[in-house]
Amino acid sequence: SQPLLAPCVCPTVNEIRVLRLVYRKLHTISRNLVSCYGLSLLFTICWIFLSCVYGFYVSAYSLHAGSDVYLVVIETALWAFLCMSLMFVLALSCHLTVDQSRDLAVHVQTLLLEANFSNDVKEEVNALTYQMGIMQLEFTISGMFKRNLPFFCNFVGIFCSYVIIMFQFE
């Protein structure tokens with residue numbers, strides 16, 4: 001019969017302290033990114049939204065009117081696809097970073113419950129867990145809303161709604 005838990009290589013207090021320092025630096029970097037680029041990111045998202053809606057509307061209206069501007073329509077559709085792809089990649093990377101941070105806290109707690117550590121290591125792991133709870137990673141746009149996959153889904157939903165409304169006001 002095999003043991004329930006595989007033998008664990010216990011980390012040292014210094015290794016866990018290094019992890020705490022790395023996590024603090026990661027948190028500081030994420031806060032600096034939000035504070036430095038939040039407003040410019042907000043304006044860029046507004047610009048992408050307006051250009052995509054306008055471009056899609058002009059393309060669809062040109063096709064509906066029977067005009068022969070297929071090259072403009074294709075160019076505009078590719079532009080909108082590129083903008084949406086960039087928005088998706090940015091939202092996905094932020095979302096995955098935050099998810100990995102949350103998963104790390106769960107893994108640390110599971111390791112703490114299953115492994116047999118010395119008291120010094122347990123104290124340092126508890127400090128790391130506390131630090132991850134207090135210093136949660138979060139990417140926001142100027143502190144107004146979170147930059148993650150639900151944001152991207154809302155963005156696409158609002159984009160589709162505006163296009164439908166624009167067609168209704170022909």
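Please read all numbers here as calculations on a predicted model, not as lab measurements.
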> Could you give the distance from CZ (Phe151) to CG (Asn154), rounded to the nearest 0.5 Å?
Replying inline: 8.0 Å

>> Taking transitive links into account, so neighbours of neighbours count too, which hydrophobic residues share a cluster with Leu21 at under 4.5 Å side-chain distance?
In response: none

> Hey, mind stepping through Arg102 and Val98 against side-chain contact (heavy atoms from CB on, under 4.5 Å) and telling me if it holds?
Replying inline: CA-CA 6 Å; Arg102 289 184 187 139; Val98 171; 3.5 Å; yes

>> For residues Leu104 and Val18: do they belong to one hydrophobic cluster (side chain heavy atoms under 4.5 Å, members Ile, Leu, Val, Met, Phe, Trp, Tyr)?
In response: no

>> Which Ile, Leu, Val, Met, Phe, Trp or Tyr residues join Val106 in one cluster when any pair of side-chain heavy atoms under 4.5 Å counts as a link?
In response: none

> Excluding sequence neighbours, so at least two apart, what forms side-chain contact (heavy atoms from CB on, under 4.5 Å) with Asp120?
Replying inline: Val13, Ser118

Solution key, residues 26-33 side-chain donor-acceptor pairs under 3.5 Å, sequence neighbours excluded:
unit_1, atom_1, unit_2, atom_2, d
Thr28, OG1, Arg24, O, 2.8
Ser30, OG, His27, O, 2.8
Asn32, ND2, Thr28, O, 3.4

> Is any side-chain heavy atom of Phe139 less than 4.5 Å from a side-chain heavy atom of Thr97?
Replying inline: yes

>> Side-chain heavy atoms under 4.5 Å apart, restricted to Ile/Leu/Val/Met/Phe/Trp/Tyr: what other residues fall into the cluster of Ile74, or is it alone?
In response: Leu78

> What residues form a side-chain contact (heavy atoms from CB on, under 4.5 Å) with Leu149, not counting sequence neighbours?
Replying inline: Phe88, Ala91, Leu92, His95

> Where do Cys52 and Cys83 come nearest, in terms of heavy atoms and distance?
Replying inline: SG-CB, 3.6 Å

>> Just to verify, what does Tyr162 make a side chain to side chain donor-acceptor pair (under 3.5 Å) with, not counting sequence neighbours?
In response: none

>> For residues Leu50 and Val53: do they belong to one hydrophobic cluster (side chain heavy atoms under 4.5 Å, members Ile, Leu, Val, Met, Phe, Trp, Tyr)?
In response: yes

Distance-only check: which donor-acceptor pairs under 3.5 Å involve side-chain atoms of residues 36-49, not counting sequence neighbours?
unit_1, atom_1, unit_2, atom_2, d
Ser40, OG, Tyr37, O, 3.2
Thr44, OG1, Ser40, O, 2.7

Using a 3.5 Å cut-off and no angle test, enumerate the donor-acceptor pairs between side-chain atoms of residues 125-137 and protein atoms at least two apart in sequence or in another chain.
unit_1, atom_1, unit_2, atom_2, d
Asn126, ND2, Lys122, O, 3.3
Thr129, OG1, Gln109, NE2, 2.9
Thr129, OG1, Val125, O, 2.9
Gln131, OE1, Arg20, NE, 3.0
Gln131, NE2, Arg20, O, 3.0
Gln136, NE2, Gly133, O, 3.4

> Should side-chain heavy atoms under 4.5 Å link Ile, Leu, Val, Met, Phe, Trp and Tyr, which residues sit in the same cluster as Val34?
Replying inline: none

>> If the condition is ring-ring contact (aromatic ring centres under 6.0 Å, His included), which residues does Tyr23 pass it with, not counting sequence neighbours?
In response: none

>> I want to check something: taking the side chain as every heavy atom from C-beta on, are Phe152 and Leu90 in contact at a cut-off of under 4.5 Å?
In response: no

> Which residue pairs satisfy the salt bridge (Lys or Arg N to Asp or Glu O under 4.0 Å) criterion with at least one member in residues 144-168, sequence neighbours excluded?
Replying inline: Glu138-Lys146

>> As an exercise, state the distance from SG of Cys153 to CD1 of Ile158, rounded to the nearest 0.5 Å.
In response: 11.5 Å

